[in-house]
Amino acid sequence: MASIYRDAHLTLAAATSGAATEGFLHYGHLAAEQKLPFWMEWKTHSGQQSTLGARIVPALTTHTPAGDDSPPLSLRGWTLQESKLSRRVLTYTREELWWSCLGESACECGTLDKLQEEEKRLEFNSFYSINNPQEAYKNWYYTVSEYTSRALTNPLDMLPAISGIARVVQDITNSQYIAGLWLDNFIFGLTWQAGTLHTIKSSSAALALSDYRAPTFSWASVERAIYDTIGHWFSANSCTVIETESKVPGRNPLGQVQSASVTLRGLIFKTTLQIEYSFFGIHDISSYVVPCADTKLTFYPDMALESFEAINPDGVTERLSLGHLCSYSILDIAWAAAAGKKPFATIS
Ligand SMILES: [Zn+2]
């Protein structure tokens with residue numbers, strides 16, 4: 001798949017199509033309703049024969065904004081590779097055409113033309129503009145964040161649908177691929193989180209998939225993963241990879257994974273996971289803290305904790321499952337905290 005996009009002179013992208021079976025030319029394109037471009041023979045001041053042309057430029061409001069109104073194409077998992085692996089893309093949006101290539105991005109209304117270079121790079125970030133491993137890893141994690149917010153009809157396509165990009169990253173880095181992570185960048189690769197900090201704090205933690213898709217250390221094992229590249233607390237020197245193993249069911253080493261494991265060496269310490277309460281405005285947010293020396297580290301679990309022991313309001317130690325945890329409403333927790341009956345939990 002990677003070579004098809006790479007070798008194509010031009011990729012036509014149907015941004016309005018929600019599926020491969022949908023067409024896109026049946027839309028009443030705004031430009032089709034306009035008068036034909038004006039043109040006439042013309043002579044310049046120096047008498048040189050030329051042509052004078054003019055056309056109506058769509059208003060800036062015709063530009064499809066990012067966010068909830070994003071074109072259906074940008075919500076489909078398999079189509080991400082179109083933009084990441086093509087050298088030139090002509091995109092048919094509902095109202096106008098967009099042009100993107102390694103050197104330029106433009107659209108009929110002029111919005112893309114006016115973007116700064118860095119913004120243009122985000123609009124069209126082809127992997128063929130990358131030539132060093134660190135840049136390839138960084139773009140891989142950006143891509144995974146974007147990719148995992150898209151929809152896949154078949155959940156087992158999670159790794160195959162991005163395998164074309166993985167192939168290009170491997171060509172650049174020459175690194176071993178392990179269920180969506182790279183051996184030469186493995187410790188950083190482990191630092192994905194299921195959702196943004198905001199969604200983790202404001203909603204219940206993500207549950208593991210019922211069917212096996214990838215090992216739990218891989219972002220591909222959950223429905224949504226985000227790589228936060230800012231402010232990581234870890235040091236790559238604090239942990240080293242001893243051994244890895246990855247088995248695939250087919251002939252594509254970058255596609256589906258059958259099983260995978262990793263052995264790490266690093267410092268660990270035993271501690272207690274405590275539930276702590278805080279109040280912000282009208283919302284009560286519970287979080288965990290981990291005592292560490294003279295301080296306490298705040299801990300927001302992005303994945304559901306499977307089971308733990310806790311002291312109930314009567315002072316009896318109980319082993320609670322996830323379901324029990326969910327039965328604590330925010331109000332119940334607030335009352336428990338107000339009464340000075342803060343339960344604590346230990347992971348075991
Ligand atoms: Zn535009």
Side-chain angles (χ1 to χ4, degrees), residues 1-8 11-24 70-86 89 91 125-128 136-137 139-171 173 175-183 189-190 192-195 199 206-227 244-262 302-303:
M1 186 59 78
S3 61
I4 291 175
Y5 291 125
R6 181 195 63 208
D7 296 341
T11 298
L12 296 180
T16 51
S17 297
T21 52
E22 287 184 23
F24 65 100
S70 295
L73 185 75
S74 66
L75 305 177
R76 292 161 52 191
W78 276 98
T79 61
L80 180 65
Q81 298 189 136
E82 282 184 8
S83 60
K84 299 293 181 183
L85 299 179
S86 295
V89 180
T91 304
N125 192 16
S126 171
F127 272 77
Y128 291 116
Y137 292 135
N139 277 272
W140 172 256
Y141 299 126
Y142 283 144
T143 302
V144 167
S145 294
E146 181 182 353
Y147 173 62
T148 51
S149 67
R150 296 183 172 212
L152 284 170
T153 305
N154 181 0
L156 292 180
D157 285 343
M158 180 61 90
L159 288 170
I162 202 174
S163 62
I165 298 176
R167 167 65 62 198
V168 176
V169 172
Q170 190 165 61
D171 288 344
T173 63
S175 184
Q176 183 185 338
Y177 188 66
I178 308 156
L181 281 66
W182 300 97
L183 179 59
L190 291 174
W192 57 268
Q193 58 191 36
T199 58
L207 295 170
L209 296 174
S210 54
D211 295 327
Y212 182 86
R213 185 167 67 186
T216 55
F217 62 76
S218 168
W219 53 264
S221 66
V222 298
E223 281 303 327
R224 184 176 59 182
I226 299 289
Y227 276 100
T244 63
E245 184 182 25
S246 180
K247 292 181 181 175
V248 297
R251 285 186 290 181
N252 182 4
L254 307 174
Q256 282 187 21
V257 62
Q258 185 175 322
S259 66
S261 64
V262 57
D302 58 339
M303 295 296 295

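Heavy atoms only: backbone and side chains are in, while hydrogens, waters and symmetry mates are out.
- Not a single side-chain contact (heavy atoms from CB on, under 4.5 Å) links Asp211 to another residue, sequence neighbours left out.
- Rounding to the nearest 0.5 angstrom, the gap separating the OG atom in Ser221 from the OH atom in Tyr212 is 8.5 Å.
- In this structure, the side chains of Glu146 and Leu80 come closer than 4.5 Å at one or more pairs of heavy atoms.
- Counting only residues at least two apart or on different chains, no salt bridge (charged side-chain N to carboxylate O under 4.0 Å, His left out) pair has a member in residues 161-170.
- Residues that satisfy the side-chain contact (heavy atoms from CB on, under 4.5 Å) test with Val262, not counting sequence neighbours, are Phe186, Phe217, Val241, Thr244, Leu264.
- Annotation: side chain of Tyr177 is in contact with side chain of Leu159 (closest heavy-atom distance under 4.5 Å).
- Scanning for salt bridge (Lys or Arg N to Asp or Glu O under 4.0 Å) contacts around Arg76 gives an empty result, with sequence neighbours left out.
- Checked by atom type and distance alone, the side chain of Arg6 never pairs as donor or acceptor with a backbone atom of Ser86 at under 3.5 Å.
- By the salt bridge (Lys or Arg N to Asp or Glu O under 4.0 Å) test, Glu22 is found to be paired with no residue, residues two or more places apart in sequence or in another chain being considered.
- The salt bridge (charged side-chain N to carboxylate O under 4.0 Å, His left out) contacts involving residues 245-258 comprise nothing, where partners must be two or more places apart or lie in separate chains.
- Remark: of the listed residues Trp182, Tyr147, Phe127, Trp182 is the sole one forming a ring-ring contact (aromatic ring centres under 6.0 Å, His included) with Trp140.
- Side-chain contact check for Ser145 versus Trp192: every heavy-atom pair is 4.5 Å or farther apart.
- Distance check: Asn139 CG to Ser126 OG gives 10.0 Å after rounding to the nearest 0.5 Å.
- Rounded to the nearest 0.5 angstrom, Ile162 CD1 and Thr148 OG1 are separated by 8.5 Å.
- Here the straight-line distance linking atom OG of Ser218 with atom CE of Met158 works out to 9.0 Å at 0.5 Å rounding.
- The two residues Val248 and Pro253 make their nearest non-hydrogen contact at CG1-O, 3.9 Å.
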